[in-house]
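Worth knowing before you read on, the calculation uses all heavy atoms, side chains too, and leaves out hydrogens, waters and symmetry mates. Treat the numbers as computed from the prediction; the structure is a model and nothing was measured.
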There are 2 protein chains.
Amino acid sequence: VKNSFAERMNILRASDIREILKITQRPEVISFAGGLPAPEFFPSREIAQVACRVLEREGARALQYSTTEGHARLREQIATRINAKWDTTLSADEILITTGSQQGLDLIGKIFLDRDDVVICESPTYLGAVMAFNTYRPRWIEVPTDDEGMDMLELEAALARERKVKFIYVVPNFQNPSGRTWSLQRRKDLMALASRYEVPLVEDNPYGELRFGVEAFPAIQSMDPSDLVISLGTLSKIFCPGLRIGWIAARRRFLDKLIVVKQGADLHSSTFDQMVAAEYLDSYDIDENIGRILVAYQARRNVMVKALELEMPEGVRFSRPQGGLFLWVELPEVIDSRDLLAKCLEHNVAFVPGGSFFPARNRHNTLRLNFSNMPEDRIVEGIRRMATALREMLAEHVGHPDPAHEASSAI
Amino acid sequence: VKNSFAERMNILRASDIREILKITQRPEVISFAGGLPAPEFFPSREIAQVACRVLEREGARALQYSTTEGHARLREQIATRINAKWDTTLSADEILITTGSQQGLDLIGKIFLDRDDVVICESPTYLGAVMAFNTYRPRWIEVPTDDEGMDMLELEAALARERKVKFIYVVPNFQNPSGRTWSLQRRKDLMALASRYEVPLVEDNPYGELRFGVEAFPAIQSMDPSDLVISLGTLSKIFCPGLRIGWIAARRRFLDKLIVVKQGADLHSSTFDQMVAAEYLDSYDIDENIGRILVAYQARRNVMVKALELEMPEGVRFSRPQGGLFLWVELPEVIDSRDLLAKCLEHNVAFVPGGSFFPARNRHNTLRLNFSNMPEDRIVEGIRRMATALREMLAEHVGHPDPAHEASSAI
């Protein structure tokens, strides 16, 4: 072919996670790799009921083209729900339904980013956002992040220094991959800085409702004096991901632009799936379903934490998140988690190496564990296998520090 | 906001069509504007049946995340179907399921286009492709097109002259907006030129199965000696558009790249909708359903052609397409079809002005009519109203040539 691909194709590649997921489809593999919800809590029977009702009552509408903005009733329901849960003041008119919140990320990248524009993010940050935004070739500034959120001095230094910051991207609740939740004070500080520097703030909140008994802090969007926050949400974690229903909530100066690029991207999301979701939300109590999910996820988180405490060798640290789907693990410095993954796959257990979650630097000795998708006994067995593999690797390293290896991991 | 939007937002705007569609949702408006299939042929009852069956048998799978490539069974069915209909030799592995074929266009733009790269297209060309590709800011070269396809001398001149042609985009069957179908010879000539210049060829075929009794020509993809053709298809026109199921069919050197960008764009299309479509294709004879659609559309086309012949004043020319959804109309030079639209909306009838279908030039005196979505009596009445509005405008122009107006239409 004479003229090959666009320049962006030199840096875009398939996500590690999805490649690992393919390997882990063998039933003998215990996988902590995906971000999959537990399918036993999908309300299949209820969805079948509402799907039939929608088709019987309004088939011609449910199967036809519809507006780019999304199904009117669903936009209303979402605005009402997030206002009640997150103290925001959004109208249905400020909700755009997207094909999963992954599409929301792509659309946000599309309206804001020219090549070499700057995106500021947490360190680590969500891999799906890295993939989506990298399409538009930004520079990434990772701000050091502790258990309360970004380091505000570092953030302010970046805002003062960089001239082309297009937005700040954060996942303030049970972040993927770290499991961290921002403190109330840090949320306020972040909003104040974004306002002072007039920089849009993208608040991605897929896990906020998966709380294990802890209080929720209000959304950063609820503290926004300057209409700078664009928030993302999804039904994937509280209902089911297969319908691909997410949304962007923002004031119209942003939403108008997002609607234009959504038109070009897929015209609109599935009319049928949107109407099925709306009918479900009108007919059933989704909070009851979330309650059932939480009981199981909390038990699984507890089992995984206990297994890690029991099985892992010295020098392994891990988070104890109060919600969400993920645990974050730091290994001894000598271990590259990609090597550990290779060994773990021999033991039929899988996870995601942490490197992919650092768009600007790399932390080779980190990894992400999902605790929502495996039953408790498989979690115990999987952590045991991982610990065995790790002990083997550590034993190989004793008395054999490997400088060549360490140099390569520093890339 | 300090740093505003990406540069691309200066040229992207909401499609005229979707803005007009909003106006035409009032029931008193007879709309020839959309590209909507007739909803009375959506197999709602059958879809309800297969949806329930899918959820009962495989709910946990149908509602879960799935692979970016798409549902395996659906990819097989599509490969088998297009090989049988269009003489191609595609495997299931060479099919990527997309969120409508609009998404296919966006993904193709994404993998190929850097700013100022060249896209070669028919004149006029499909507005959805203009919207999707403009996101990546190409230059457009419109090749003059007659009733057999592009002018091959002009195409060759463009290929010889332009150094950054990334692909040629064509809709060879019942094109949107012109209704034109390429001749067999012109397809062969196009393929020969694309091969000689090693330029990828995007063959968009949403309407190929909507044929009113005429023979089908083989797909250009079936004549491809160099694996340069990337074809697009959709279930929107032969099944229903609300499920947003389209596909890209191409050799893996292209498909691998498309899969990477699809991951970043929405992870995957609705698992549920894909499995519902696959179950429908396994359980029912879609060709029977297409047969019913064709009887109605052919009758509507006939009624519209006859009404145009009867009602329209001298100097109006229009196509008589042998399939698809659209008729193309050329008005007398003095008429700007956007002005006619404004007048027609007063008479409660709507269409799409032709200007949007010319990315590089403009032909102000053209318009597109959809004949699939309105019952026959409404078609007759709608054309009558259009003719009345047009006669009024022509009367205003008699003895009042308007140079200012003509200058502005030439933009």
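By number of non-hydrogen pairs under 4.5 angstrom with chain B, the leading residue of A:Ala265, A:Gly246, A:Ala48 is A:Ala265. No other option in A:Pro39, A:Ala6, A:Gly264 has as many heavy-atom pairs under 4.5 Å with chain B as A:Ala6. Put simply, of B:Pro37, B:Pro43, B:Ala129, B:Cys52, the one with the most heavy-atom pairs under 4.5 Å next to chain A is B:Pro37. The most heavy-atom pairs under 4.5 Å with chain B, out of A:Lys257, A:Gln103, A:Arg45, come from A:Lys257. Of the listed residues (B:Thr271, B:Val260, B:Ile111), the greatest number of heavy-atom pairs within a distance under 4.5 Å of chain A belongs to B:Ile111. When each of A:Lys110, A:Glu7, A:Arg61 is checked for heavy-atom pairs under 4.5 Å with chain B, A:Lys110 comes out on top. Comparing A:Leu36, A:Leu12, A:Asp227, A:Asn134 by how many heavy-atom pairs each has under 4.5 Å with chain B, the most go to A:Leu36. For the set B:Ile245, B:Leu113, B:Asp256, the count of heavy-atom pairs under 4.5 angstrom toward chain A peaks at B:Leu113.
Here the side chains of A:Pro241 and B:Leu63 are not in contact, with every heavy-atom distance at 4.5 Å or above. Looking at heavy atoms from C-beta onward, B:Asp266 lies out of side-chain contact with A:Asp106 at the 4.5 angstrom threshold.
Contact annotation for B:Arg253: both backbone and side-chain heavy atoms come within less than 4.5 Å of a heavy atom of chain A. Using a 4.5 Å cut-off between heavy atoms, B:Ala62 touches chain A through its backbone atoms (N, CA, C, O) alone. Proximity to chain A is limited to the side chain of B:Tyr136, based on heavy atoms less than 4.5 angstrom apart. When heavy atoms are compared at a cutoff of 4.5 Å, B:Ser269 approaches chain A solely by way of its backbone atoms N, CA, C and O. Of the atoms belonging to B:Leu228, it is side-chain heavy atoms, and not backbone ones, that fall under 4.5 Å from chain A. For B:Val261, the part lying near chain A is the side chain, with the backbone staying farther off; criterion is any non-hydrogen pair under 4.5 Å. Using a 4.5 Å cut-off between heavy atoms, B:Thr135 contacts chain A through its side chain alone, with no backbone atom that close.
B:Gln64 contributes atom CD, which lies 6.0 Å from atom CG of A:Asn373 (distance to the nearest 0.5 angstrom). To the nearest 0.5 angstrom, A:Lys262 atom NZ is 10.5 Å from B:Gln102 atom CD. The distance from the CZ atom of A:Phe112 to the OG atom of B:Ser4 is 9.0 Å, given to the nearest 0.5 Å. Interatomic distance, A:Gln274 CD to B:Ser270 OG, rounded to the nearest 0.5 Å: 11.0 Å.
When every heavy atom of B:Tyr65 is checked against every heavy atom of A:Gly35, the shortest pair comes out as CE1-O, 3.9 Å.
Using a distance-only test at 3.5 Å, with no hydrogens or angles considered, no donor-acceptor pair links the side chain of B:Arg8 to the main chain of A:Asp114.
Between B:Phe254 and A:Phe5, the angle of the ring planes goes over 60°, which puts this pair in the perpendicular group of the 30/60° scheme. By the 30° and 60° cut-offs, the orientation of the rings of B:Phe272 relative to A:Phe272 is parallel.
In A:Glu56, the CD atom is not crowded: 12 or fewer heavy atoms of neighbouring residues, nucleotides or ligands sit closer than 6.0 Å.
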- Task: Run the numbers on A:Asp273 and B:Arg244 for side chain to side chain contact (heavy atoms under 4.5 Å, CB included), then give the verdict.
- Result: CA-CA 10 Å; A:Asp273 291 355; B:Arg244 311 303 298 122; over 6 Å; no
